[in-house]
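When a residue number appears, it is its place in the shown sequence, counting from 1. Order of listing sets the numbers, starting from 1, for every ligand and every atom in it.
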Amino acid sequence: MKITAVRVTPIAFRDPPLLNAAGIHEPYALRSIIEVEAGHAAGPRLVGLGESYGDAPVLAALSAIAPALVGLSIHDLNGLEQIIACELGKMPPAQAGAELAPGSQPSRLLPNCLSAFEVALLDLQAQAAGVPLHDVLGGAVRRQVPFSAYLFFKYARHIEPEEAPDAWGEAVTPEQIVAQARRMIDLHGFSSIKLKAGTLPPAVEIASIEALSKAFPGMPLRIDPNGVWSMETAVDAARKLGPLIEYYEDPVAGQDGMAQLHRETGLPLATNMIVVSFAGLREAVAKNSVQIVLSDHHYWGGLRASQHLAVMCDTFGLGLSMHSNSHLGISLMAMAHLAAATPNLSYACDTHYPWVEEADEVVEGGKVPILGGCVSVGDEPGLGLRLDPERLARAHATFNRIAIRTRDDLGQMRKYDPTFSGARPRY
Ligand code: GKR
Ligand code: MG
């Protein structure tokens with residue numbers, strides 16, 4: 001079965017004012033929605049779906065590649081990679097993207113594009129065979145894929161007066177973080193918690209983990225300062241956090257810093273920052289800088305590459321979890337099918353999905369449910385999703401209405417505080 005048409009639609013959806021080490025989220029997150037049509041001359045037309053970053057360099061690359069895919073077999077994933085490499089070779093080098101979003105690093109452009117189209121082709125392969133995507137990935141070892149409650153310090157509203165406040169309210173104290181956790185767990189039943197840190201003074205962030213541990217006894221907790229703590233701060237924090245957390249995610253920057261921190265504290269360190277490629281994994285194994293890798297099919301080169309990563313983690317005795325940026329349901333279901341077919345997934349996956357407003361989802365039926373802390377993968381063919389044309393048109397209209405074209409958390413934070421340095425390490 002051959003590809004007959006490819007569409008890449010840029011979209012935008014509302015994003016709350018979430019704080020992170022780079023600054024703060026802008027009022028809208030950008031994504032691209034990929035539709036790949038295929039069919040035999042006489043047979044029905046199938047549409048495979050993908051979702052990726054919506055920043056300008058990625059969009060430019062996806063749009064340049066799309067027409068070159070017409071005529072390719074939906075099974076020819078090696079051919080897909082060759083076409084992508086060839087089309088990217090004709091483009092000017094990509095500019096650096098958002099610092100905390102590994103997917104926007106120029107070096108990840110090929111795996112980003114490969115992933116965006118690979119997911120759509122695997123969706124097509126599964127639909128053509130009448131089986132769910134997890135079957136094409138080797139079969140589900142779990143039907144309920146666990147995710148964690150992803151908490152953020154946040155402001156009550158964006159600085160832009162025209163943007164309405166979200167339903168979550170302010171979270172800049174341990175009490176407010178506990179309230180945020182309660183709301184998220186009440187809504188989705190999560191049974192582990194991740195706190196995005198590296199933004200408020202470490203004393204507040206450590207106190208927030210202590211408060212979460214008291215409020216949710218026995219609940220696995222993680223903290224992620226995105227590499228902006230100094231060695232001294234990270235070692236000091238480890239004394240208090242060590243007994244409370246299941247892993248310590250990117251507390252300090254760099255392979256050598258992480259290796260030193262692990263030697264000094266013995267705590268299991270996780271990353272989505274220093275291992276974003278197989279070369280980074282090789283270095284991490286050599287230096288023992290990381291004990292848990294957070295995979296992300298969007299920048300690892302797709303679902304099959306992520307399965308290779310999983311095998312590597314198993315080989316080297318590393319734990320495996322999953323990273324997330326702001327995303328919609330196509331990404332969520334791709335993550336869920338992959339996780340369902342990954343035997344050695346050892347921790348609940350991250351997802352920003354609870355922060356998405358119901359009206360902003362682009363798939364039929366609205367938001368994919370997260371219940372009992374899990375996303376279910378069923379037996380519907382492929383990803384099990386269809387686009388809702390009206391929802392997609394609305395999200396595309398939002399993209400056309402706004403001025404944001406590349407994620408800029410630092411620039412956004414400087415609207416609140418013109419002196420904000422974004423220095424690393426900061427604490
Ligand atoms: O969206 O603010 C955010 C996150 O900080 C994101 O950019 C990170 O890539 O969630 C991510 C992480 O775990 O580091
Ligand atoms: Mg992280």
Side-chain angles (χ1 to χ4, degrees), residues 13-31 52-55 58 96-105 108 112 147-155 158 166 168 171 180 192-200 205 221-229 234 245-254 258 268-276 280 284 289-300 319-328 331-332 335 347-356 404 406-413 420 422 424 426:
F13 60 91
R14 286 167 289 175
D15 205 13
L18 307 179
L19 293 160
N20 64 28
I24 187 166
H25 285 210
E26 294 164 283
Y28 295 89
L30 309 176
R31 297 295 273 178
S52 185
Y53 307 97
D55 295 77
V58 178
E99 201 176 19
L100 287 194
S104 60
Q105 293 169 12
R108 308 316 297 150
N112 288 348
F147 285 82
S148 62
Y150 196 157
L151 311 183
F152 276 83
F153 293 102
K154 68 181 287 292
Y155 295 153
H158 286 288
D166 57 73
W168 293 87
Q180 187 186 98
S192 59
I193 296 177
K194 161 165 173 166
L195 177 63
K196 174 58 62 181
T199 172
L200 300 181
E205 300 187 338
L221 304 174
R222 317 143 183 195
I223 184 165
D224 176 13
N226 278 119
V228 295
W229 284 358
I245 55 177
E246 62 174 344
Y247 60 67
Y248 204 10
E249 183 176 330
D250 286 313
V252 296
M258 290 278 277
L269 305 184
T271 191
N272 61 272
M273 298 185 77
I274 62 167
V275 177
V276 297
S289 52
V290 169
Q291 289 68 48
I292 296 117
V293 176
L294 273 63
S295 73
D296 183 330
H297 72 270
H298 301 90
Y299 60 79
W300 274 90
L320 183 67
S321 184
M322 222 182 258
H323 163 260
S324 155
N325 285 131
S326 306
H327 65 86
L328 294 178
S331 282
L332 182 69
M335 292 160 75
Y347 297 91
C349 305
D350 288 352
T351 178
H352 282 234
Y353 201 58
W355 297 104
V356 173
I404 303 167
T406 297
R407 177 177 168 180
D408 182 10
D409 298 14
L410 176 72
Q412 182 69 7
M413 185 49 120
F420 180 73
R424 334 185 111 246
R426 188 162 332 118

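Proximity of a side-chain donor or acceptor of S331 to a complementary backbone N or O of S52 within less than 3.5 Å is not detected. Formation of a donor-acceptor pair under 3.5 Å by the W355 side chain with backbone atoms of Y150 is found in this model. H352 places a side-chain N or O within donor-acceptor distance of the main-chain N or O of S324, the cut-off being under 3.5 Å. Put simply, the side chain of E246 never gets that close to the backbone of R222: no donor and acceptor are under 3.5 Å apart. At distances below 3.5 Å, at least one donor-acceptor pair connects side-chain atoms of H158 with backbone N or O atoms of D15. Distance alone, capped at 3.5 Å, places no donor-acceptor pair between the Y247 side chain and the G319 backbone.
By the criterion of a heavy-atom distance under 4.0 Å, the side chain of K194, and not its backbone, is placed next to ligand 1. Residue contacts with ligand 1, taken as heavy atom pairs separated by less than 4.0 Å, involve S324 solely via the backbone atoms N, CA, C and O. Neither the backbone nor the side chain of D250 comes within contact range of ligand 1; no heavy atom lies under 4.0 Å. The proximity of N226 to ligand 1, defined as any non-hydrogen pair under 4.0 Å, is limited to the side chain. Only the side chain of N325 comes within 4.0 Å of ligand 1, counting heavy atoms alone; its backbone N, CA, C and O stay farther away.
Nearest protein neighbour of atom 9 (O) of ligand 1, counting heavy atoms only, is L100 O, 2.6 Å.
The only option from V58, L30, D55 that meets the side chain to side chain contact (heavy atoms under 4.5 Å, CB included) definition with T406 turns out to be D55. Paired with N20 under the rule side chain to side chain contact (heavy atoms under 4.5 Å, CB included), one option of V228, D224, D409, T199 passes, and it is D409.
Note that OG of S148 and CG of L195 are 11.0 Å apart. Values are rounded to the nearest 0.5 Å. Summarising the geometry, atom CD belonging to E249 is positioned 9.5 Å from atom CE belonging to M273; distances are rounded to the nearest 0.5 Å. Note that the CH2 atom of W300 and the CZ atom of R108 stand 7.0 Å from one another [nearest 0.5 Å]. The distance from the OG1 atom of T351 to the CE atom of M335 is 5.0 Å, given to the nearest 0.5 Å.
Distances below 4.0 Å separate heavy atoms of N20 from the following atoms of ligand 1: 2 (O), 3 (C), 5 (O). Interface of K196 with ligand 1, defined as ligand atoms under 4.0 Å from a residue heavy atom, comprises 4 (C), 5 (O), 8 (C), 10 (O), 11 (C), 12 (C), 13 (O), 14 (O). Numbered from 1 in the order shown, with element, the atoms of ligand 1 that lie under 4.0 Å from a heavy atom of H25 read 1 (O), 2 (O), 3 (C). Close approach of ligand 1 to F152 (heavy-atom distance below 4.0 Å) involves ligand atoms 2 (O), 3 (C). In the vicinity of Y150, heavy-atom distances shorter than 4.0 Å reach the ligand 1 atoms 4 (C), 10 (O), 11 (C), 12 (C), 13 (O). Taking every heavy atom of D224 and a limit of under 4.0 angstrom, the matching atoms of ligand 1 come to 12 (C), 13 (O), 14 (O).
The shortest N or O to N or O distance between D409 and ligand 1 is not below 3.5 Å. Looking at S326 next to ligand 1, no N or O pair under 3.5 Å apart turns up.
Comparing H327, R222, E249, H323 by heavy-atom distance to atom 11 (C) of ligand 1, the nearest is H323.
Look at M273 and you'll find every heavy atom at least 4.0 Å from all atoms of ligand 1. Ligand 1 lies less than 4.0 angstrom from a heavy atom belonging to N272. At least one heavy atom of R407 sits less than 4.0 Å from an atom of ligand 1.
Aromatic ring pairs are classed by plane angle as parallel below 30°, tilted from 30° to 60° and perpendicular above 60°; the pair Y248 and W229 is perpendicular.
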TODO: Take L294 and D350 through the test side-chain contact (heavy atoms from CB on, under 4.5 Å) and record every step on the way to the result.
DONE: CA-CA 9 Å; L294 273 63; D350 288 352; 3.6 Å; yes
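For residues 21-31, the salt bridge (charged side-chain N to carboxylate O under 4.0 Å, His left out) pairs, not counting sequence neighbours, are R31-E51.
Neighbouring protein atoms of the Mg ion (ligand 2) (N, O or S, distance under 2.8 Å, waters ignored): D224 OD2, E249 OE2, N272 OD1.
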